[in-house]
Chemist: 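Just dropping this structure here.
Throughout, a chain's letter reflects where its sequence line sits, starting with A, and its residues are numbered from 1. Predicted model, so just to flag it, every value in this text is computed and none were measured.
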Amino acid sequence: MPARSDFFDRVWKVVSEIPLGKVTTYGHIAEFLGSKSAARTVGWALRAAKGSGLPCHRVVNRYGGLSGQSSFGGPYVMEDILRSEGIEFIEEGILDIKKHLWIPGGETK
DNA sequence: CACCTGACAAATT
DNA sequence: TAATTTGCCAGGT
């Protein structure tokens, strides 16, 4: 497998653990990985994971904004998927992060 | 081989 | 309070 790196692999794993209807932020993932400031690397991993079947649309920035729209494939792709999963949007491109925030390791429960 | 870029965030000035 | 800088990791040029 995948060479990439432990960091990437961990990011993919965490993201794949996100329950449907929930979202998480780069900062929380990075923090879970051990480096809270590695949010950049998290986004980097998602970008590399594009096409790997990873639900990267469930990962947003700390404002709940869909940061990776441009890299995802379309400006309305992520939003449409998130809405289909039960995510409430405050406005176009911005979801209610405080209502659907999920924390890695927090368990689905 | 060295520098720059890139889906961010938090701290400091 | 806002603006700027640093930290993080890997990939591309």
Chemist: Side chains of A:Leu66 and A:Leu82, heavy atoms from C-beta outward: is any pair under 4.5 Å?
Modeler: yes
Chemist: Roughly how far apart, to the nearest Å, are C:dA2 and B:dA7 at atom C1'?
Modeler: 25 Å
Chemist: Using whole Å, what does the distance between atom C1' of nucleotide C:dC9 and atom CZ of A:Arg47 come to?
Modeler: 14 Å
Chemist: Using the P atoms only, state how far B:dC1 lies from C:dC8, rounded to an integer number of Å.
Modeler: 24 Å
Chemist: Among residues 87-95 of chain A, which residues get a heavy atom nearer than 4.0 Å to DNA chain B?
Modeler: none
Chemist: Calculate the interatomic distance between A:Lys50 atom NZ and C:dA10 atom P; express it in whole Å.
Modeler: 20 Å
Chemist: In residues 22-42 of chain A, what residues come within less than 4.0 Å of DNA chain B, judged by heavy atoms?
Modeler: A:Tyr26, A:Gly27, A:Lys36, A:Ala39, A:Arg40
Chemist: Once you round it to whole Å, what is the distance between P of B:dA7 and CD1 of A:Ile18?
Modeler: 19 Å
Chemist: Could you list by number each residue of residues 62-72 of chain A showing a heavy-atom separation from DNA chain B of less than 4.0 Å, or answer none if no residue does?
Modeler: A:Arg62, A:Ser67, A:Gly68
Chemist: Side chains of A:Thr41 and A:Phe8, heavy atoms from C-beta outward: is any pair under 4.5 Å?
Modeler: yes
Chemist: Are the side chain of A:Lys50 and the backbone of A:Ser71 linked by a donor-acceptor contact shorter than 3.5 Å?
Modeler: yes
Chemist: In terms of hydrophobic clusters joined by side-chain contacts under 4.5 Å, are A:Ile29 and A:Leu101 together?
Modeler: no
Chemist: Are A:Tyr26 and A:Val59 packed together at the side-chain level, in the sense that at least one heavy-atom pair is separated by less than 4.5 angstrom?
Modeler: yes
Chemist: Find out whether A:His28 and A:Trp102 are in side-chain contact, i.e. whether some heavy atom of one side chain is under 4.5 Å from a heavy atom of the other.
Modeler: no
Chemist: Could you check if a side-chain atom of A:Leu20 sits within less than 4.5 angstrom of a side-chain atom of A:Arg58, using non-hydrogen atoms only?
Modeler: yes
Chemist: Does any N or O in the side chain of A:Ser35 come within less than 3.5 Å of the main-chain N or O of A:Ala30, such that one atom is a donor and the other an acceptor?
Modeler: no
Chemist: Does the side chain of A:Ser67 come within less than 4.5 Å of A:Val60's, by heavy atoms?
Modeler: no
Chemist: Measure CZ/A:Phe8 against C1'/C:dA10 and give the value in whole Å, please.
Modeler: 5 Å
Chemist: I need the CH2-C1' distance between A:Trp44 and B:dA7, as an integer number of Å.
Modeler: 9 Å
Chemist: Around atom OH of A:Tyr76, are there more than 12 heavy atoms from other residues, nucleotides or ligands closer than 6.0 Å?
Modeler: no
Chemist: Does the distance from a Lys or Arg side-chain N to an Asp or Glu carboxylate O, for A:Arg83 and A:Glu79, drop under 4.0 Å?
Modeler: yes
Chemist: Determine the Euclidean distance between corresponding P atoms of B:dG6 and C:dA3; express it in Å to zero decimal places.
Modeler: 22 Å
